[in-house]
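Following: one structure in structure tokens, then a few remarks.
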Amino acid sequence: MPIESLMVNTFNGLYFAALLFFASVGLTLVFGILNLLNMAHAAFYGLGAYVAVWTLNNMGDITTSTVVLLAVLVLVIPLVVFVLSAVLDKTVFAPLYEIEPVYQLLATFGVILMLDDVIKFIWGASPITVDGAVDPSRQLGTLDLLGISVSAYRSVVILIAIACAVGLYLMFVKTKLGKISQAMSEDYEMVQMLGINVNRVRIMIFSISVAIAALGGALFVPFATATPAVTLEYVLLSFAVIVIGGLGSLKGVVVAALVIGMVRSFGIAYYPALELAIVFGLMAVVIIFKPEGLFGDEGVVE
């Protein structure tokens, strides 16, 4: 394998891993801390993608500044979905925390269908794309990395994913919210008996998790098309990530996203027909030999 091809595929694997991290980290955190198996989590990834395309395309009459467009993707859209998810937690998801996981799966699958219909009602069933004039991936162009030309925008996405992972880790080990969250993952009732407002913490964790998924969808669309199918694709891939990494483990999400990202990148380059088969074959092997996942028996941040 030529060294240039190896480096390009490795870089693309890191980019795929970054997108998978955004799509799945909130899912594993919500399960690990709140004990909610939220199948609808990746639907917010798709929602973030659609909101991003609509927002960017309407920004053309205001500005085409790359810095402003990136700020909209990274800050504004996750904030909007953060507020929306806080409302949804209190109105839709609150009753689901008390039921069995199998019913959680069925109920949250219903949420996927509802969000999918909302997206189709607002934006239609046809794919939508970002206009070239407001596409930050085109504006940033390429950069030279160790002698190879790579997308500057994809490099930014990878750096944002790394910053997000580090930020989550520091939140759990350094902040009061993170320490309470870890305590809730161990003994929810005891934390409640200590007088802590667990509902407020629950809404914060749920909203942060959903906002991260929306961030991933927002960063995804400058290089791709927003379609209803993107939700289903990332529902499947995010479940593969948490099955391989282990439910409730931040480290497991990072490792599994890297593994699947590399498998997808090299699979697309050399065995495109088997790309997804290899991913789910790997998941099957993990289920057979380590059903709890690679790091499923550890805590949230260990």
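In this chain, numbering begins with 1 at the start of the sequence shown. All values below were derived from every heavy atom in this structure, side-chain atoms included, with hydrogens, water molecules and symmetry-related copies excluded. What you see is a predicted model, and the numbers here were worked out from it, not measured in a lab.
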Between [X] (side chain) and [Y] (backbone), is there a donor-acceptor pair under 3.5 Å?
| X | Y | result |
| --- | --- | --- |
| N57 | D131 | yes |
| S85 | F82 | yes |
| T225 | V221 | no |
| T108 | M39 | yes |
| T10 | L6 | yes |
| T64 | A133 | no |
| T28 | V25 | no |
| S265 | G261 | no |
| Q182 | F172 | yes |

Heavy-atom check, side chain of [X] versus side chain of [Y], under 4.5 Å:
| X | Y | result |
| --- | --- | --- |
| V81 | V210 | yes |
| S181 | L29 | no |
| I160 | F22 | yes |
| S137 | V130 | no |
| I268 | F16 | yes |
| K179 | V173 | no |
| K290 | F295 | no |
| F109 | I112 | yes |

### Stepwise side-chain contact (heavy atoms from CB on, under 4.5 Å) test for I205 and M171
CA-CA 11 Å; I205 294 300; M171 184 190 81; 4.3 Å; yes
Can you hop from [X] to [Y] via hydrophobic side chains spaced under 4.5 Å?
| X | Y | answer |
| --- | --- | --- |
| L159 | V150 | no |
| I162 | L140 | yes |
| L250 | L170 | yes |
| L19 | L14 | yes |
| F121 | L88 | yes |

Report the distance from atom [atom1] of [X] to atom [atom2] of [Y], rounding to the nearest 0.5 Å.
| X | Y | atom1 | atom2 | value |
| --- | --- | --- | --- | --- |
| S238 | I242 | OG | CD1 | 6.5 Å |
| L84 | L79 | CG | CG | 11.5 Å |
| D116 | K120 | CG | NZ | 4.5 Å |
| M204 | I33 | CE | CD1 | 11.5 Å |
| L37 | F31 | CG | CZ | 6.0 Å |
| E98 | L36 | CD | CG | 10.5 Å |

### Message
Before you tell me yes or no, could you show the steps for L115 and F44 under side-chain contact (heavy atoms from CB on, under 4.5 Å), namely the whole-Å CA-CA distance, both residues' side-chain angles and the distance that decides it to 0.1 Å?
### Response
CA-CA 8 Å; L115 284 174; F44 294 99; 4.0 Å; yes
### Task
Have a look at Y97 and tell me which of N35, D89, N199 forms a side chain to side chain donor-acceptor pair (under 3.5 Å) with it.
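Exactly one pass, corresponding to D89.
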Provide the closest heavy-atom pair for [X] versus [Y] in the form atom of the first, atom of the second, distance.
| X | Y | result |
| --- | --- | --- |
| A256 | G245 | CB-N, 3.6 Å |
| S185 | G32 | CB-O, 3.1 Å |
| I77 | G48 | CG2-O, 4.2 Å |
| N38 | L27 | O-CD1, 3.1 Å |
| M59 | L69 | CB-CD2, 4.0 Å |
| Q139 | V134 | NE2-CA, 4.1 Å |

### Task
Evaluate side-chain contact (heavy atoms from CB on, under 4.5 Å) for T55 paired with V76, printing each intermediate quantity in order.
CA-CA 10 Å; T55 304; V76 177; 5.9 Å; no
### Task
Step through the shown structure and confirm whether more than 12 heavy atoms of other residues, nucleotides or ligands are within 6.0 Å of CH2 on W123.
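Enclosed: over 12 neighbouring heavy atoms sit under 6.0 Å from CH2 of W123.
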### Task
Could you tell me how the ring of F223 sits relative to the ring of Y153: parallel (under 30°), tilted (30 to 60°) or perpendicular (over 60°)?
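Taking Y153 first and then F223, their aromatic rings sit tilted (interplane angle of 30° to 60°).
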### Task
Hey, can you tell me if F220 and Y234 have their rings parallel, tilted or perpendicular (30° and 60° cut-offs)?
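If you compare the ring of F220 with that of Y234, the planes turn out perpendicular.
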### Name of the residue among V80, I119, V118 meeting side chain to side chain contact (heavy atoms under 4.5 Å, CB included) with L47
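By the side chain to side chain contact (heavy atoms under 4.5 Å, CB included) criterion, L47 pairs with just one of V80, I119, V118: I119.
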### Residues R154 and N12: side-chain donor-acceptor under 3.5 angstrom
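Yes, N12 and R154 have a side-chain donor paired with an acceptor closer than 3.5 Å.
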### Message
Can a side-chain donor-acceptor contact be found between S5 and Y270 if the only test is distance below 3.5 angstrom?
### Response
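The criterion, which ignores hydrogens and geometry beyond distance, is satisfied for S5 and Y270.
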### Query
Between S24 and L237, does a side-chain contact (heavy atoms from CB on, under 4.5 Å) hold up when you go through it step by step?
CA-CA 8 Å; S24 54; L237 289 173; over 6 Å; no
